[in-house]
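To start, the structure under review is shown below, and the notes come after it.
The structure presented is a predicted model; accordingly, all values stated were derived computationally and were not measured. By convention here, the first residue in the shown sequence is residue 1. These numbers come from the heavy atoms of this one structure, side chains and all, not from hydrogens, waters or symmetry mates.
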Amino acid sequence: MRFALTTDQLAFRDAVRDLLAKERYDDRATWDALVDMGVASVLVPESEGGLGLDEMTLVPILEQTGYAALAFPIVETAMVAAPLGLADRMVALVDGQLAAWADRADVVLAGDGSEVRQDLLAPVEAVDRSRPVRRIGRPLPAPHGDTIDRAALGTAAQLIGLGQAMLDLTVGYVKERQQFGVPIGSFQAVKHHLANALKELSFARPAVYRAAYSVATASTDASRDVSMAKAMASDAASFVGRVALQCHGAIGYTVEYDLHLWLKRTWALSRAWGDSSWHRDRVGRAIGV
């Protein structure tokens with residue numbers, strides 16, 4: 001078994017990272033640029049105009065979209081809808097009775113792949129206003145297991161990216177912020193907080209890559225591995241968020257400071273497509289506990 005990234009996969013990931021570093025996270029031109037790079041069609045066979053690659057290539061790219069807090073449904077489009085032949089459209093998915101990104105997407109799909117009419121969607125207040133959510137006015141078919149696995153895997157990848165972004169932002173802040181004439185990053189307590197945050201991410205990231213390998217190779221344990229990845233990624237990103245907020249102090253609570261973009265996305269995604277408790281229960285059932 002080998003689920004380390006190849007040179008080509010790293011190069012593709014880095015190209016996406018460089019693009020997102022130069023573009024606005026919520027600009028439609030950014031989405032169009034990602035589509036032009038082939039991100040939305042990574043999983044589409046070459047015979048159908050795609051790149052013909054697998055989840056091991058896509059997951060590190062999705063991690064970078066989390067790092068940039070991309071305000072578009074790239075997981076829903078590239079990870080779930082593209083293998084169904086919808087890579088040329090921006091797709092939102094119904095999770096329970098909620099559909100994130102529905103007002104930006106070209107099409108909204110129910111759990112069985114059927115299209116949901118826009119007149120059935122009503123806006124609801126969302127903790128992350130850069131990730132608008134709408135509620136479905138009537139019961140819809142529940143998502144297939146494969147849809148849950150793919151959406152949860154892509155979301156786990158984004159959570160790792162979110163956690164890394166918050167950690168990097170905080171490290172930069174504590175190097176500059178001074179108290180008693182020295183950077184607060186020199187205080188042992190701050191160092192311990194950040195070391196623990198790094199540890200959480202370092203344990204969760206390999207689990208996400210392992211799940212990508214399982215899905216890419218159609219392993220019989222893919223659902224178990226995806227659930228472990230989503231649970232660990234949700235907990236890790238949430239932990240890093242708490243550390244980041246504590247280390248920043250009062251400024252971290254303000255909307256004028258960018259930390260809130262990653263914090264709110266983390267709060268939303270840690271609960272999307274099953275929270276950590278739901279996925280740990282799923283792992284337990286898979287191993288007979």
Do Y209 and L5 have side-chain heavy atoms sitting under 4.5 Å apart? yes
Do you know which two heavy atoms are closest between A216 and E55, and how far apart they sit? CA-OE1, 3.2 Å
For residues R17 and D14, determine if any side-chain heavy atom of one lies less than 4.5 Å from a side-chain heavy atom of the other. yes
Compare all side-chain heavy atoms of L70 with those of Q64 and state whether any distance is below 4.5 angstrom. no
Do L34 and L19 touch side chain to side chain, with heavy atoms closer than 4.5 Å? yes
Got a donor-acceptor contact below 3.5 angstrom from the T155 side chain to the A151 backbone? yes
Establish, from distance only, whether the side-chain atoms of D275 and S277 form a donor-acceptor pair under 3.5 Å. no
Side chain of E48, backbone of P45: donor and acceptor closer than 3.5 Å? no
Contacts of Y173 that satisfy ring pair (Phe, Tyr, Trp, His ring centres under 6.0 Å) - sequence neighbours left out: H248
For the atom pair OG1 (T77) and CE (M90), what is the distance rounded to the nearest 0.5 Å? 6.5 Å
Is a donor from one side chain sitting under 3.5 angstrom from an acceptor on the other, for E200 and N196? no
Could you please spell out the steps behind the salt bridge (Lys or Arg N to Asp or Glu O under 4.0 Å) verdict for R282 and D149? CA-CA 11 Å; R282 198 175 184 223; D149 285 347; 2.8 Å; yes
Can you check whether M232's main-chain N or O pairs, donor with acceptor, with H279's side chain at less than 3.5 Å? no
Distance-only polar pair, side chains of R210 and S214, donor-acceptor under 3.5 Å: yes
Spacing of S130 atom OG and K264 atom NZ [to the nearest 0.5 Å]: 8.5 Å
About how many Å separate CZ of R150 and CG of L58, when rounded to the nearest 0.5 Å? 9.0 Å
Indicate yes or no: at least one non-hydrogen side-chain atom of V16 is less than 4.5 angstrom from one of F12. yes
Under 3.5 Å, is there a donor-acceptor pair linking the side chains of R265 and Q158? no
Verify, without hydrogens or angle tests, whether S238 (side chain) and D235 (backbone) share a donor-acceptor contact under 3.5 angstrom. no
Would you indicate whether the side-chain heavy atoms of L86 and L109 approach each other to under 4.5 Å? yes
So how far is it from L53 CG to L43 CG, rounded to the nearest 0.5 Å? 8.0 Å
